Amino acid sequence: MKTTFLYKSDPARGRLWAEVFRRRAPHIDFRIWPDIGDPSQVRFLAAWEPPDDLATRFPNLKVLFSSGAGVDQFDFTALPAELPVVRMVEPGIVRGMVEYVTHAVLGLHRDMPQYRRQQQEGLWKPLPVRTARERRVGVLGLGSLGQAVLEQLVALGFDCAGWSRSRHEVAGVQCHAGVGELPTFLARTDILVCLLPLTESTRGFLDARLFSQLPEGAGLVHVGRGPQLVDADLLAALESGRIGDAVLDVTDPEPLPREHAFWRHPRVQLTPHIASMTQPLSAAEVVLDNIERFEAGEPMLGLVDRARGY
Ligand code: GLV
């Protein structure tokens with residue numbers, strides 16, 4: 001039986017995936033949604049939002065690949081229980097995130113939001129210059145993105161710590177694990193970066209209680225998922241000065257309604273969920289590597305643990 005790989009995401013990017021498949025796996029019939037061909041031949045599907053009735057529509061589907069890093073957009077209850085689901089872990093998306101977070105952290109570290117405000121007031125006023133060594137950065141989430149970001153921040157000389165639910169080790173980084181170690185991690189964090197996956201336990205994670213454990217005037221860089229942030233609590237923390245400045249790439253909903261306070265808040269910098277994006281050429285290579293692993297009966301990289309939710 002012929003094998004179809006069905007791609008259901010942005011078609012222009014899909015055409016770049018197709019080039020890689022044509023070159024490296026000409027035996028696979030690569031198709032871009034809605035041109036699905038014979039549905040019984042679809043063994044692999046890459047999607048941001050999979051179609052409904054997946055199991056009945058594609059009875060021979062073997063693997064579902066997320067076309068992005070997150071899988072929180074999938075309704076796991078609607079997917080066949082045994083279907084392996086794979087997150088997008090590819091070098092392009094990792095590099096994009098490293099660039100965005102490094103830019104945001106350096107900006108906060110060197111007081112760029114404050115200089116921007118001073119410029120608008122016509123105020124020429126140097127602030128004390130601190131070195132990276134004197135700035136404590138903390139990253140929530142130590143998956144492949146969190147670890148890559150930390151590697152770069154360590155290389156720049158920042159005093160780095162990380163926190164995740166389970167124990168991790170990252171060279172040059174003080175790693176904390178579990179809710180019990182969260183207060184110690186927060187108390188030593190001048191700039192907090194959120195790179196957590198969205199799960200039931202991270203929904204509303206960035207709230208007043210968490211902010212109250214940070215040092216006065218801490219910076220926030222949020223590149224996780226919008227629903228992890230309690231907007232009203234951030235506004236209150238900005239008001240009280242607990243949080244000095246916030247850089248937000250994700251919101252809930254996206255886009256934010258026009259009247260939302262974040263749009264015009266002088267201490268909030270908003271970007272429209274562009275921190276990082278799957279790069280089609282490297283993504284297709286990584287997916288083909290995973291298909292080879294799957295066919296050889298080896299574990300695929302980025303396989304989702306459904307009980308954990310990421
Ligand atoms: C973007 O947020 C992604 O999950 O790739």
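Source: prediction; values computed, not measured. Order of listing sets the numbers, starting from 1, for every ligand and every atom in it.
Counting heavy atoms closer than 4.0 Å to ligand 1, residue M88 contributes nothing at all. The proximity of I93 to ligand 1, defined as any non-hydrogen pair under 4.0 Å, is limited to the side chain. Only the side chain of R225 comes within contact range of ligand 1, with a heavy atom under 4.0 Å; no backbone atom does.
Listed by first then second residue, pairs satisfying salt bridge (Lys or Arg N to Asp or Glu O under 4.0 Å) with a partner in residues 67-88 read D72-R225, not counting sequence neighbours.
If you number the atoms of ligand 1 from 1 as listed, the ones under 4.0 Å from a heavy atom of G70 come out as 3 (C), 4 (O).
A salt bridge is defined here as a Lys NZ or Arg NE, NH1 or NH2 lying under 4.0 Å from an Asp or Glu carboxylate O, and E49 with K8 fails to meet this definition. Between D159 and R188, at least one side-chain N (NZ, or NE/NH1/NH2) sits under 4.0 Å from a carboxylate O, which counts as a salt bridge. The pair D29-K2 fails the salt-bridge criterion, with no side-chain N (NZ, NE, NH1 or NH2) lying under 4.0 Å from an Asp/Glu carboxylate O.
Of all protein heavy atoms, the one closest to atom 3 (C) of ligand 1 is A69 N, 3.2 Å. Scanning the protein heavy atoms around atom 1 (C) of ligand 1, the nearest turns out to be H273 NE2, 3.5 Å.
Scored by the side-chain hydrogen bond (donor to acceptor under 3.5 Å, both in side chains) test, D231 finds H260 as partners (sequence neighbours excluded).
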